[in-house]
Amino acid sequence: MKTIILFLSIFFSEIAMSSPRSEPPVGMSKEIWEKHLEREAKAEKDRQDKFQKELKDNPPEPPWEKYPGYSSNDIFWRMGEGETYLMEYVWPYLRYASEVDLKSYKEKYPEPNGWFGWYGE
């Protein structure tokens, strides 16, 4: 359950940041805000490029297969190697893959016990 919450919080923060506001948040200068938006745009482009070049034709293993020794609510998924794997491989794939590819992926990798709801359905 904690993994789902983490995924949703990152997902919604990306959505919030992907639609640039004309004004920076309270307490932030316009210059810093614009640099932040530039970094976010570059990061988004990098994720899209990685998907197109690497992940589209070679989907990553889901976390329970890549690291079977860790439960869905383990701190491993919020720090270090596990978090990096989710953010750099799994989430970009889940975000950019077509509906057909996602359906196939979910059928190939059904959520095991302890991971139900991980796909956010």
Asks: Compare all side-chain heavy atoms of K30 with those of E34 and state whether any distance is below 4.5 angstrom.
Replies: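 A side-chain contact exists here, since the closest heavy-atom pair is under 4.5 Å.
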Asks: Students often mix this up, so state it plainly: with edges at 30° and 60°, are the rings of W64 and W115 parallel, tilted or perpendicular?
Replies: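 Correct class here is tilted.
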Asks: Give the minimum heavy-atom separation between Y119 and P62, together with the two atoms involved.
Replies: OH-CB, 4.5 Å
Asks: Parallel, tilted or perpendicular: which fits the ring planes of F51 and Y93, with parallel below 30° and perpendicular above 60°?
Replies: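 Rings of F51 and Y93: tilted, as their planes differ by 30° to 60°.
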Asks: Is it true that E38 and K42 make a salt bridge, defined as a side-chain N closer than 4.0 Å to a carboxylate O?
Replies: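 Not counted as a salt bridge, because no side-chain N and carboxylate O are separated by less than 4.0 Å.
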Asks: Could you walk me through whether Y96 and R47 pass the side chain to side chain contact (heavy atoms under 4.5 Å, CB included) check?
Replies: CA-CA 9 Å; Y96 299 117; R47 285 188 291 268; 4.0 Å; yes
Asks: How long is the span from the CE atom in M28 to the NZ atom in K35, to the nearest 0.5 Å?
Replies: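 Taking CE in M28 and NZ in K35, the distance rounds to 12.5 Å.
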Asks: Any side-chain heavy atom of H36 sitting closer than 4.5 Å to one from R39?
Replies: yes
Asks: Any side-chain to backbone donor/acceptor pair from T84 onto G80? Under 3.5 Å, distance only.
Replies: yes
Asks: Taking atom NZ as the centre, does K56 end up with more than 12 heavy-atom neighbours from other residues, nucleotides or ligands that are less than 6.0 angstrom away?
Replies: no
Asks: In Å, rounded to the nearest 0.5 Å, how long is the span from CG of D101 to NZ of K108?
Replies: 11.5 Å
Asks: Which pair of non-hydrogen atoms, one from L55 and one from P60, has the smallest distance, and what is that distance?
Replies: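 For L55 and P60, the tightest heavy-atom pair comes out as CD2-CD, 4.1 Å.
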Asks: Working to the nearest 0.5 angstrom, can you tell me the gap between E44 CD and L37 CG?
Replies: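 Rounded to the nearest 0.5 Å, the CD-CG separation comes out at 12.5 Å.
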Asks: Is the shortest side-chain heavy-atom distance between I75 and R78 below 4.5 Å?
Replies: yes
Asks: Do the side chains of P24 and I32 get nearer than 4.5 Å, heavy atoms only?
Replies: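 Contact flag for I32/P24 side chains = no.
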Asks: Under a 4.5 Å side-chain heavy-atom rule over Ile, Leu, Val, Met, Phe, Trp and Tyr, are M87 and V90 clustered together?
Replies: yes
Asks: Could I get the full list of ring-ring contact (aromatic ring centres under 6.0 Å, His included) partners for Y109, not counting sequence neighbours?
Replies: Y105
Asks: Ignoring hydrogens and angles, tell me if any N or O in the side chain of W77 forms a donor-acceptor pair with the backbone of Y85 under 3.5 Å.
Replies: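 No, because the side chain of W77 does not come within donor-acceptor range (under 3.5 Å) of the backbone of Y85.
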Asks: Are any of the side-chain nitrogens in D49 or K45 under 4.0 Å away from the carboxylate oxygens of its partner?
Replies: yes
Asks: With a 4.5 Å heavy-atom cut-off, do K66 and Y89 have their side chains touching?
Replies: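 When only atoms from C-beta onward are counted, Y89 and K66 do not touch, as no gap falls below 4.5 Å.
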